[in-house]
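Quick notes on the structure that follows.
Below, chains carry the letters A, B, ... as their sequence lines are ordered, and counting in each starts from 1. This one's a predicted model, so the numbers in the text were calculated from it and none came from an experiment.
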There are 2 protein chains.
Amino acid sequence: MRDVALRAGVSTMTVSRVLSDPGKVSAEVRQRVMAAIEAAGYVPNRLAGSLSSRHSRVIGLIVPSLENSLFAPTIQGISEVLRRNGYQLMVADCGGSDAEEEALVTAFLAQRVAGLVLHNTRHTAAARAMIRRAGIPVVETGTLTPKPLDMVVSYSNHEASRAMTLHLHRLGYRRIGFVSLPAAGNNRALARQGGYRAALAEAGLPPEPRLMLEMPPGLPSGAEAVVRLAEGPVPADAIFFAGDVLAVGALFECQRRGWAVPGRVGIAAFDNIEILGQMVPPITTLRLPRAEIGRRAAEILLDRIQGRSAGPVRVDLGFEIIQRAST
Amino acid sequence: MRDVALRAGVSTMTVSRVLSDPGKVSAEVRQRVMAAIEAAGYVPNRLAGSLSSRHSRVIGLIVPSLENSLFAPTIQGISEVLRRNGYQLMVADCGGSDAEEEALVTAFLAQRVAGLVLHNTRHTAAARAMIRRAGIPVVETGTLTPKPLDMVVSYSNHEASRAMTLHLHRLGYRRIGFVSLPAAGNNRALARQGGYRAALAEAGLPPEPRLMLEMPPGLPSGAEAVVRLAEGPVPADAIFFAGDVLAVGALFECQRRGWAVPGRVGIAAFDNIEILGQMVPPITTLRLPRAEIGRRAAEILLDRIQGRSAGPVRVDLGFEIIQRAST
DNA sequence: GGTTTTGATGATACCGGTATCATGATTCGG
DNA sequence: CCGAATCATGATACCGGTATCATCAAAACC
């Protein structure tokens with residue numbers, strides 16, 4: 001920058017102004033400085049800028065896994081909005097561990113991020129404390145948690161799960177199986193189990209532990225689950241797969257075994273991944289606002305950072321049941 | 001940090017040493033400083049550190065799309081290795097546009113990243129120049145490009161495509177259709193087309209334009225392609241879907257139409273996404289080292305940054321044909 | 001016309017660390 | 001036992017920007 005200033009015959013302050021608030025510099029000088037910037041191939045140093053001005057244009061995002069394609073639309077949504085506003089995104093995955101999340105929060109705070117997006121809604125006490133002390137805005141996106149750190153943008157996993165269960169009941173199913181990811185340490189899986197139980201109670205169906213299963217993520221899990229529940233002691237007439245690609249694995253298993261879907265067993269899924277609608281039969285599922293969550297999360301974060309809003313924010317983006325041929 | 005130094009009764013230099021090179025500080029003082037850090041809840045400012053030391057611990061990654069789950073394993077691999085070494089990852093997507101990539105490169109250089117990972121192997125002249133002037137190491141990962149900017153970690157899209165085409169020929173197929181993503185501006189799609197053509201020539205099959213198709217990504221594209229090629233003027237007896245999830249969409253379409261696979265048409269895919277192996281029938285495809293590419297890219301980048309290596313590096317991680325029931 | 005206001009630019013002091021060299025104490029070799 | 005080497009620590013000058021206030025000329029006001 002010093003170099004640019006010399007070339008243009010002005011002070012570094014003027015160069016800085018041209019870059020951050022061009023209106024404050026006379027047109028003639030601005031031209032000269034621009035030319036000098038071009039000539040020098042000058043790339044400003046944001047580290048120095050952020051250090052001096054005490055605010056950065058970097059947002060930190062922590063997801064449980066980068067490999068899981070479910071987060072991809074959300075990440076894309078965040079990235080889109082940030083980019084349009086000249087912000088950068090720093091990403092890391094905590095592998096579902098709270099301790100790792102805490103370490104990442106520390107690392108991001110050390111980088112002086114201007115805000116954080118956390119997919120998890122469970123955090124260590126230390127992480128909460130650090131974030132509070134740092135005084136930066138935070139958005140949680142995993143589920144509409146009742147006690148957010150700061151702001152939330154999501155949908156209610158509880159309500160979505162409840163709605164789908166009631167939907168299956170309305171279709172006439174009476175022994176509705178439920179498969180989720182392990183709920184230990186996963187607020188989302190927990191909320192979905194709760195929604196399922198609440199729906200059963202509302203429908204007057206007795207809870208049946210042998211119809212509930214927790215499985216690790218992955219297609220083979222779904223395959224295993226559909227067999228266990230459809231051939232178990234209490235054969236399910238429909239199964240609600242409330243996690244990941246479990247339903248896809250289940251339908252493939254049915255195809256392999258020649259089981260009619262929904263004749264032998266109805267199948268419902270939780271996420272609107274594209275493939276569900278293309279399968280034979282297409283699978284009943286929920287439309288979740290994955291990309292929209294990312295965009296809105298980024299937007300309200302920027303609103304706060306740029307002083308366009310103040311208090312806590314809670315955005316419920318809802319969900320929608322997509323009834324298809326599999327139920 | 002000044003606060004920590006006061007609490008511990010030492011200079012800031014000593015605090016800095018405790019954090020970056022504890023061996024240089026006596027055990028007793030180190031204890032005192034650690035305690036002070038703990039008590040003050042001190043989180044170091046990496047911006048200041050990087051500015052002063054002139055090197056950062058942030059790596060920039062630019063992919064064509066964050067939404068496409070094909071990049072997920074690579075990103076995860078990079079993230080894994082970086083994290084283990086105390087580095088952070090900055091991610092952005094350029095939507096396949098060279099100009100956007102250039103803008104992102106500028107933004108990352110402004111953040112003074114220590115290195116770059118670029119998935120694309122095409123770059124604007126300005127981007128190449130900036131990177132060269134910045135003097136930071138770069139790894140390209142999209143394909144084993146013949147003229148890399150600096151380092152490459154990938155597999156050969158040309159060879160992989162050629163191998164699969166020859167494989168289909170060996171299985172007895174003679175009218176092998178080929179579907180790829182639009183090759184304009186995409187070196188990977190281009191290389192795959194080249195490999196297909198080379199294989200045809202080797203096998204002594206005449207090139208047949210009506211057996212080649214370029215389709216946008218997505219399941220419906222695959223569905224459309226399989227119909228057009230299997231029912232076209234020159235009906236394909238096998239189709240090699242060299243991109244994305246095209247093959248999945250194609251198989252679903254066959255299921256819907258009741259076409260026997262491979263009886264009516266053989267189907268081969270390019271990527272080893274999990275679902276291909278679970279479908280009915282499971283789809284013949286290539287095993288590509290997606291995650292390994294990410295890990296190795298990060299490793300050789302860190303090797304260079306930390307001075308463990310110098311010259312250009314070219315890592316061919318190869319590929320493997322997975323023959324399944326669909327061909 | 002003199003004074004106040006406005007606008008453009010510059011001088012300077014940081015932001016919060018680290019590199020570098022200086023300092024004083026301790027250890028070591030012969 | 002003395003000078004050199006080693007070790008632990010500190011003082012200081014940056015890294016490359018921006019905030020803040022000062023300066024001075026031109027415009028606006030009464």
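With a 4.5 Å cut-off on side-chain heavy atoms, B:E101 and B:H123 count as touching. In this structure, the side chains of B:V25 and B:V33 stay at 4.5 Å or more apart for every pair of heavy atoms.
B:R2 places its CZ atom 11 Å from the P atom of D:dA11, with the value rounded to the nearest Å. Residue A:R112 contributes atom CZ, which lies 17 Å from atom C1' of D:dT18 at whole-angstrom precision. Protein atom CG of A:L51 is 9 Å distant from nucleotide atom C1' of D:dC15, rounded to whole Å. The CG atom of A:D21 sits 15 Å away from the C1' atom of D:dT20 (whole-angstrom rounding). Rounding to whole angstrom units, NZ of residue A:K24 and C1' of D:dC21 are separated by 13 Å. Separating the CG atom of B:L6 from the P atom of D:dG10 is a distance of 12 Å, rounded to the nearest angstrom. The interatomic distance linking A:E28 (CD) with D:dA26 (P) rounds to 14 Å, in whole Å. As rounded to whole Å, 16 Å separates atom P of C:dG17 from atom CZ of B:R57.
Taking only side-chain atoms of A:M13, from C-beta outward, the nucleotide of D:dA19, C:dT9, D:dG17 with the closest atom is D:dA19. Minimum atom distance to the side chain of B:A48 is reached by C:dG17, of the listed C:dG17, D:dT9, D:dG10. Checking C:dT18, C:dG10, D:dG17 against every side-chain atom of B:M1, the shortest atom distance belongs to C:dT18. For B:R17, taking side-chain heavy atoms from C-beta onward, the closest of the listed nucleotides D:dG17, D:dG10, C:dT9 is D:dG10. Of the candidate nucleotides C:dG17, D:dG10, C:dC15, C:dC15 has the atom lying nearest to any side-chain atom of A:R54. Comparing D:dG17, C:dG16, D:dA8 by their closest approach to the side chain of B:N45 singles out C:dG16.
A:R46 comes within 4.0 angstrom of no nucleic acid atom, judged by non-hydrogen atoms across all strands. At the heavy-atom level, B:V15 lies nowhere under 4.0 Å from the strands shown.
Where B:S52 and B:T12 meet DNA chain D, the nucleotide closest to each residue was compared, and B:T12 sits on the side nearer the 5' end. In this structure, A:V43 and B:V10 both approach DNA chain D, and ranking their closest nucleotides by distance from the 5' end singles out B:V10.
With hydrogens and angles ignored, no donor-acceptor pair under 3.5 angstrom links the side chain of A:S11 to the base of C:dG10.
When all heavy atoms of A:A8 and A:A36 are compared, the pair lying nearest together is CB-CB, 3.9 Å.
Using modelled atom types and a 3.5 Å distance limit, the side chains of A:D93 and B:S79 yield a donor-acceptor pair. Side chains of B:N187 and B:T121: a donor on one and an acceptor on the other come within 3.5 Å.
For the pair B:S53 and D:dC15, the criterion of a side-chain N or O lying under 4.0 Å from OP1 or OP2 is not met. Regarding contacts with the backbone of C:dT9, a side-chain N or O of A:S26 is found under 4.0 angstrom from either OP1 or OP2.
Atom CG of A:D303 sits about 7.5 Å away from atom CD of A:Q306, to the nearest 0.5 Å.
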